[in-house]
Colleague: 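A single structure is presented below for examination.
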Amino acid sequence: MTTSNKNTLLVSAGRKKAYTQGVVNPVVQRASTVVFDSVAELKEAAKKRGDKTLFYGRRGTTTHFALQEAITELEGGEGCALYPCGAAAISSALLAFVKAGDHILMVDNAYEPTRDFCDKILAGFGVETTYYPPTIGAGIKALIKENTKVLFLESPGSITMEVQDVPAMVAVANEQGVMTMLDNTYGNGLHYRPLEHGVDISIQAATKYIVGHSDVMMGVAVANKKYWPTLREQSYLLGQCTSADDAYLALRGLRTMAVRLNQHEKAAIEVANWLEQHPLVDHIRHPAFESCPGHEFFKRDFDGSNGLFSFVMKEGNQGAIDAFLDSLEHFKMGFSWGGFESLVTANLTMKGLRSATGWQLGPVIRLHIGLEDVDDLITDLTQALDVYKQHL
């Protein structure tokens, strides 16, 4: 069955009878060794080992194939590679295509482990990284060198949530022969599909909204036809794989992602609207709000938002931030997001988190709005912001 409706696709994709064996969900097939009855059978499997064929456990089982097929359909790509976490998906995608002497362009508000990988691992391999302002748009052309191999985007960006003009940047990259990758964890494939905008590889920390229950670490990368064979083989050579049990849990999360995202989005906008009126708050960094840099690109390119956003305080100090965080009851401190629970992180400055762009604004507090009652969350924030004010 084919469908253009993404909600229906989340339910139906990856459910071939070969994967489900006649029941609703794909069967959990755990395996390391795959055995063959003849030399001819082994040789035939070897020919197809990159194409949803049982060959060796690290190549995947039918459970993995079901998840890969579903995410490939969701993102509109040629194939999907699975990794043990989002950081592994990012690092492996980069390692699959760069070598000593290459240069990459990395967005300045990237996920912190992405920056660390560039500065601490790629630099040691002789790969140069230039960080660029997230709002640079077509101006990225001025930073492209003869040895530039990859333009890496993240939209919206981590913590400060700037939305990039992806089509304009991809057009420049294509003109200059530079491949493009985008961290699409926020867009999740349901609300944003980078490959439809010309991006070559779309990467997600499936740990977040695909899994949705804060109990599995997983990364995925979907490539177009041009780059899929290289991504698939290089990721295999790097030893990347996931367990069948985790693949099953990711599939289970995928089925309910649309309804969860609807609730996350609705609740987050309600909380953000309330925060926007608070006297201590300078502005909201939510892509659906005009106060967020790149909001016009969000309106143009995205089908929706989710539970993640930030807000900037007018003033603050570390003592006020610590007191605020300690006083929260429903918001727990944690570095992930995308699960059913509400989470909070805070940064007094952006020191160490960006280098191409400065930060002259106040402290940034990032929230993930979970599935709790919105009134309870607002009550919690009300008392915590009162505590914050007392420490100014």
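Owing to the predicted nature of the structure, the values given are computational and were not obtained by experimental measurement.
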Colleague: Please tell me whether Phe152 and Ile104 are part of a single hydrophobic cluster in this structure, the criterion being side-chain heavy atoms less than 4.5 Å apart.
Modeller: yes
Colleague: Using the ring of Tyr236 (Phe, Tyr or Trp, six-membered ring only), decide whether Arg59 places NZ or CZ under 6.0 Å from its centre and within 45 degrees of its axis.
Modeller: yes
Colleague: Does any N or O in the side chain of Thr61 come within less than 3.5 Å of the main-chain N or O of Gln29, such that one atom is a donor and the other an acceptor?
Modeller: yes
Colleague: Does Ala320 offer a backbone N or O that forms a donor-acceptor pair with the side chain of Asn317 under 3.5 Å?
Modeller: yes
Colleague: Run the side-chain hydrogen bond (donor to acceptor under 3.5 Å, both in side chains) test on Arg366 and His368 for me, step by step, so that the C-alpha distance in whole Å, both residues' side-chain angles and the decisive distance to 0.1 Å come before the verdict.
Modeller: CA-CA 7 Å; Arg366 192 184 74 177; His368 177 256; over 6 Å; no
Colleague: Apply the test side chain to side chain contact (heavy atoms under 4.5 Å, CB included) to residues Asp380 and Phe331: give CA-CA distance (whole Å), side-chain angles for both, the deciding distance (0.1 Å), then the verdict.
Modeller: CA-CA 8 Å; Asp380 198 16; Phe331 289 89; 3.6 Å; yes
Colleague: Indicate whether any N or O donor in one side chain lies under 3.5 Å from an N or O acceptor in the other, for Ser214 and Glu341.
Modeller: yes
Colleague: Mind checking whether Tyr186 and Phe298 have parallel, tilted or perpendicular rings, split at 30° and 60°?
Modeller: perpendicular
Colleague: Enter the distance from Ile136:CD1 to Met169:CE here, rounded to the nearest 0.5 Å.
Modeller: 6.5 Å
Colleague: Can you confirm whether Lys314 is buried at NZ, in the sense that more than 12 heavy atoms of other residues, nucleotides or ligands lie under 6.0 Å from that atom?
Modeller: yes
Colleague: If you count heavy atoms of other groups shown closer than 6.0 angstrom to CD of Glu175, is the number above 12?
Modeller: yes
Colleague: What do the steps show when you test Asp165 against Arg300 for salt bridge (Lys or Arg N to Asp or Glu O under 4.0 Å), and what is the final call?
Modeller: CA-CA 10 Å; Asp165 188 355; Arg300 182 190 66 192; 2.8 Å; yes
Colleague: Which heavy atom of Ala346 sits nearest to which heavy atom of Ile365, and what is that distance?
Modeller: CB-CG1, 4.1 Å
Colleague: Could you walk me through whether Ser158 and Glu154 satisfy the side-chain hydrogen bond (donor to acceptor under 3.5 Å, both in side chains) test, starting with their C-alpha distance in whole Å, then the side-chain angles of each, then the deciding distance to 0.1 Å, before giving a yes or no?
Modeller: CA-CA 8 Å; Ser158 291; Glu154 181 177 329; 2.6 Å; yes
Colleague: Test your reading of the model: is there a side-chain donor-acceptor pair from Thr185 to the backbone of Ala205, 3.5 Å cut-off?
Modeller: yes
Colleague: Verify the distance criterion only: is there a donor paired with an acceptor across the side chains of Ser305 and Glu265 at less than 3.5 Å?
Modeller: yes
Colleague: Determine whether the side chains of Asp386 and Gln390 contain a donor N or O and an acceptor N or O closer than 3.5 Å.
Modeller: no
Colleague: Test side chain to side chain contact (heavy atoms under 4.5 Å, CB included) on Tyr131 and Cys118 and set out the steps.
Modeller: CA-CA 10 Å; Tyr131 293 96; Cys118 291; 3.5 Å; yes
Colleague: Does the side chain of Glu162 come under 3.5 Å of the side chain of Thr135 through a donor N or O and an acceptor N or O?
Modeller: no
Colleague: Hey, could you give me the CE/NZ distance between Met313 and Lys389, rounded to the nearest 0.5 Å?
Modeller: 11.0 Å
Colleague: Quick one: does any side-chain atom of Ser291 pair with a main-chain N or O of Ile284 as donor and acceptor, under 3.5 Å?
Modeller: yes
Colleague: Closest approach of Gly101 and Asn147, non-hydrogen atoms and distance?
Modeller: O-ND2, 2.8 Å
Colleague: Parallel, tilted or perpendicular for Phe309 and His286, by the 30°/60° rule?
Modeller: tilted
Colleague: Determine, step by step, whether Thr357 and Arg354 satisfy the side-chain hydrogen bond (donor to acceptor under 3.5 Å, both in side chains) criterion, reporting the C-alpha distance in whole Å, the side-chain angles of both residues, the deciding distance to 0.1 Å, and the verdict.
Modeller: CA-CA 6 Å; Thr357 51; Arg354 53 180 65 204; 3.3 Å; yes
Colleague: Please determine if Glu69 and Lys52 form a salt bridge, counting it only when a charged side-chain N lies under 4.0 Å from a carboxylate O.
Modeller: yes
Colleague: Can you tell me how the ring of Phe36 sits relative to the ring of Phe55, calling it parallel under 30°, perpendicular over 60° and tilted otherwise?
Modeller: tilted
Colleague: Taking the inter-plane angle between the rings of Phe311 and Phe324 on a 0 to 90° scale, is it parallel (under 30°), tilted (30 to 60°) or perpendicular (over 60°)?
Modeller: perpendicular
Colleague: Does any non-hydrogen side-chain atom of Leu95 lie less than 4.5 Å from one of Gln234?
Modeller: no
Colleague: First locate atom OG of Ser91, then atom CD1 of Ile203, and finally report the distance between them rounded to the nearest 0.5 Å.
Modeller: 9.0 Å
Colleague: A cation-pi test, strictly: NZ or CZ of Arg260 under 6.0 Å from the centre of the six-membered ring of Phe340 and no more than 45 degrees from its axis. Yes or no?
Modeller: no
Colleague: For a side chain to side chain contact (heavy atoms under 4.5 Å, CB included) check, start with the C-alpha distance between Ser327 and Gln383, then their side-chain angles and the critical distance, and finish with the verdict.
Modeller: CA-CA 8 Å; Ser327 67; Gln383 63 82 24; 3.8 Å; yes
Colleague: Does any donor atom in the side chain of Thr129 or Arg115 lie under 3.5 Å from an acceptor atom in the other side chain?
Modeller: no
Colleague: When you compare the side chain of Tyr83 with that of Ile90, does any pair of heavy atoms fall below 4.5 Å?
Modeller: no
Colleague: Under 4.0 Å between a Lys/Arg side-chain N and an Asp/Glu carboxylate O for Lys99 and Asp102?
Modeller: yes
Colleague: Could you walk me through whether Lys266 and Glu270 pass salt bridge (Lys or Arg N to Asp or Glu O under 4.0 Å), step by step?
Modeller: CA-CA 6 Å; Lys266 179 183 176 183; Glu270 189 172 341; over 6 Å; no
Colleague: Would one find more than 12 heavy atoms of other residues, nucleotides or ligands at under 6.0 Å from atom CZ of Arg255?
Modeller: yes
Colleague: For residues Leu325 and Val281: do they belong to one hydrophobic cluster (side chain heavy atoms under 4.5 Å, members Ile, Leu, Val, Met, Phe, Trp, Tyr)?
Modeller: yes
Colleague: Flag yes if Val364 and Met333 sit in one hydrophobic cluster, no otherwise; membership is Ile, Leu, Val, Met, Phe, Trp, Tyr, and two members link when side-chain heavy atoms are under 4.5 Å apart.
Modeller: no
Colleague: Is it true that Leu54 and Leu42 fall in one hydrophobic cluster, defined by side-chain heavy atoms closer than 4.5 Å?
Modeller: yes
Colleague: Between Thr53 (side chain only) and Lys48 (backbone N and O only), is there a donor and an acceptor less than 3.5 Å apart?
Modeller: yes
Colleague: CG/Asn109 to CE/Met161 distance, rounded to the nearest 0.5 angstrom?
Modeller: 9.5 Å
Colleague: As an exercise, state the distance from OG1 of Thr242 to CZ of Arg58, rounded to the nearest 0.5 Å.
Modeller: 12.5 Å
Colleague: Are the aromatic ring centres of Phe97 and Tyr227 under 6.0 angstrom apart?
Modeller: yes
Colleague: Can a donor-acceptor pair be found between the side chains of Asp183 and Gln204 at a distance below 3.5 Å?
Modeller: no
Colleague: Would a single hydrophobic cluster contain both Leu353 and Val312, if residues Ile, Leu, Val, Met, Phe, Trp and Tyr are joined by side-chain heavy-atom contacts under 4.5 Å?
Modeller: yes
Colleague: Counting distance only, does the side-chain N/O of His264 pair as donor-acceptor with the main-chain N or O of Ile369 below 3.5 Å?
Modeller: yes
Colleague: Between Asp245 and Arg30, is the closest basic N to carboxylate O distance under 4.0 Å?
Modeller: yes
Colleague: For the residue pair His295 and Ala288, what are the closest heavy atoms and their distance?
Modeller: CE1-O, 3.2 Å
Colleague: Check the pair Ser310 / Thr160 against side chain to side chain contact (heavy atoms under 4.5 Å, CB included), numbers first and verdict last.
Modeller: CA-CA 7 Å; Ser310 298; Thr160 48; over 6 Å; no
Colleague: Looking at OG of Ser342 and NE2 of His330, how far apart are the two atoms once the value is rounded to the nearest 0.5 Å?
Modeller: 9.0 Å
Colleague: Looking at Met179 and Asp200, what are the two nearest heavy atoms and their distance?
Modeller: CA-OD2, 3.3 Å
Colleague: State whether the side chain of His278 and the backbone N or O of Trp274 hold a donor-acceptor pair below 3.5 Å, judged by distance alone.
Modeller: no
Colleague: Indicate the atoms forming the closest heavy-atom contact of Thr63 with Ala244, along with that distance.
Modeller: CG2-O, 3.5 Å
Colleague: How far apart are the closest heavy atoms of Leu195 and Ala223, and which atoms are they?
Modeller: CD2-C, 3.8 Å
